[in-house]
Protein chains: 2
Amino acid sequence: MVLKYQEIANSLADKVNNHEYTDKLPSEGELMTEYGASRNTIRNSLDILYNQGLIKRIQGSGYFVNTALHGEDYVMNLANKVGMNSLGVKYPITSQVLKLESIEADEKLAEILECEVGAPVYYIQRLRHSNNKLYALEKTYYLKEFIPYLSKEICEKSIFKFIIENYHISIKNADEYVTIYNLSDEEAKITDRESGSPTIRIEELNYLKNERPFNYSRTCYFQDDLTIYYHVNNYLN
Amino acid sequence: MVLKYQEIANSLADKVNNHEYTDKLPSEGELMTEYGASRNTIRNSLDILYNQGLIKRIQGSGYFVNTALHGEDYVMNLANKVGMNSLGVKYPITSQVLKLESIEADEKLAEILECEVGAPVYYIQRLRHSNNKLYALEKTYYLKEFIPYLSKEICEKSIFKFIIENYHISIKNADEYVTIYNLSDEEAKITDRESGSPTIRIEELNYLKNERPFNYSRTCYFQDDLTIYYHVNNYLN
DNA sequence: ATACATTTGTGCGTATGTATG
DNA sequence: GCATACATACGCACAAATGTA
């Protein structure tokens, strides 16, 4: 089913990311006629962009492109991974699949993925490159209950893209955990780095719309100057 | 001016953080009668908690307390700093003021704070402790245009609390930048750590409701196992 | 398996307040 | 003072998912 506010949000996000809007966005009223939607729906769409830190809003003035992300080279927006991944990336990302295994969830993984111990899971280990430079080591788990089939060819490209297109799954939300992580001997060897050297690690737990987790990943990023950006709204007092 | 949805959001957040709700929240309908508000207003309030990762929502079922943050000791929610700071902290935070200076913005700071070069600014350096343990070194700048007065006594407590209560300023949103930062010689000396040792550093730029930045800070956190949590909604496809 | 009530999700409308220019 | 634009708050209707009888 096509959701109006999602469609509009996608369209607006595209225009922001493709620099069709460089400073000011059309007013809510203009967007209402442009997209044939009510004010609530338009604001719903704009809320998504706002929460992701793509735009700023000023009462009485209008909506503006957020430039916090522009200019810096190694800034990654935690809210949509734009910057290093999909849209904002300058060079395409290639993935070297180190492992693609069918395993069963142990107790720890079962708790994380909220599944039975022994539930079938894909375990994938990938090295990710951009512009011929290693930038991340990713270990990821997919519940076969939701993702029944994966192949090496799929894992060399974008797994999420495959999932969304083929299984018509939509990711509703995610929990992200950021820490400093010191590489293990094995990880250091794989990535040609020093053992114990500190990296930024992002753990990610992705949920379907019924709040069921279907994917868990741990990714270490190797840019020394990598900056993770995140936009916060509505402080509570 | 008191905003209904903000009041309700504060009330609900309190109840979640004080474990008045342990699993399921009342339904939207129940909250409507409890707070005497329309469904839109209630949903507005719940949206805030949802975006901050305090609650989960399941269509047809209800709203639930997000347990992603519970259980772990050193998890800090980037969206509201609960965990290490205000509500969720087990021990009160004390601040040792190392510096409290009146300076003028140089070119770099002026660009960050969107002010004139030479604009008067407070520069504060603090060591922050919890449970008699050093946990952060903070360097922060406040534009005097908005925060005309600060004292050592105020800085030893919560600056934000003072600002909100006395200047009736409300923080609308913030940009956060997370990196690995290696301590300088001076910083290492102050904090009794090894020079060059890696820490998690959060840069924060806080905005007033007209999108004017009024505060910029850089804080290094010293828990080796500190984890930064962040909740992401509404992936765009 | 079905039907039904409950609960959240989407979308529309309207009115009024507040900030900007 | 005025027009414009975003902010808050109310209302309604129907869709979709869930839980239960």
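Throughout, protein chains are lettered first and strands after them, A, B, ... in sequence-line order, and every chain is numbered starting at 1.
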Looking at D:dA17, C:dG11, C:dA19, which one has an atom nearest to any side-chain atom of A:Lys209?
D:dA17
Distance, rounded to the nearest Å, where B:Arg43 contributes CZ and C:dG9 contributes P:
5 Å
At their closest point, which heavy atom of A:Val232 faces which heavy atom of B:Leu78, and how far apart are they?
CG2-O, 3.8 Å
Round to a whole Å and report the spacing from CZ of A:Arg57 to C1' of C:dT20.
16 Å
Give me the distances for all protein-to-nucleotides 11-15 of chain D N/O pairs that come in under 3.5 Å?
| from | atom 1 | to | atom 2 | distance (Å) |
| --- | --- | --- | --- | --- |
| D:dG11 | O6 | B:Asn40 | ND2 | 3.0 |

Give every residue pair that meets the ring pair (Phe, Tyr, Trp, His ring centres under 6.0 Å) criterion with at least one member in residues 32-51 of chain A, sequence neighbours excluded.
A:Tyr50-A:His231
Taking the side chain of A:Thr41 as heavy atoms from C-beta outward, which of C:dG9, C:dG11, D:dA9 is closest to it?
C:dG11
Taking a pair to mean Watson-Crick or G-U wobble geometry with both distances below 3.5 Å, C:dA1 pairs with none
In whole angstrom, give the distance that lies between atom OH of A:Tyr5 and atom P of C:dG9.
9 Å
Whichever of B:Tyr63 and B:Asn210 has the more 5' nearest nucleotide on DNA chain C, that residue is B:Tyr63
Is the shortest side-chain N to carboxylate O distance from B:Lys157 to B:Glu153 below 4.0 Å?
no
Under-3.5 Å N/O pairs linking protein and nucleotides 19-21 of chain D:
none

Less than 4.0 angstrom from a charged side-chain N to a carboxylate O is my criterion; do A:Glu34 and A:Lys15 meet it?
yes
Does CD in B:Glu156 sit with more than 12 non-hydrogen atoms of other residues, nucleotides or ligands closer than 6.0 Å?
yes
I need the CG-P distance between B:Leu31 and D:dC10, as an integer number of Å.
13 Å
In terms of heavy-atom contacts, B:Phe162 and B:Tyr167 come closest through CE2-CE1, 3.8 Å
Return the value, rounded to whole Å, for the distance between atom NZ of B:Lys172 and atom C1' of C:dT20.
13 Å
If you check every side-chain atom of B:Lys4, which of D:dA7, C:dG9, D:dC10 has the closest atom?
D:dC10
Please give, in whole Å, the distance from C:dG9 C1' to B:Tyr50 OH?
12 Å
Rounded distance in Å - CD1 (B:Ile58) to C1' (C:dT6)
15 Å
Identify the heavy atoms of B:Ile8 and B:Ser45 that sit nearest to each other, and give their distance.
CB-OG, 3.4 Å
Geometric class of the A:Tyr177/B:Tyr229 ring pair [parallel <30°, tilted 30-60°, perpendicular >60°]
tilted
Rounded distance in Å - CD (B:Glu211) to C1' (D:dC6):
12 Å
Is B:Arg212 close to B:Phe146 at the side-chain level, that is, under 4.5 Å between some pair of heavy atoms?
yes
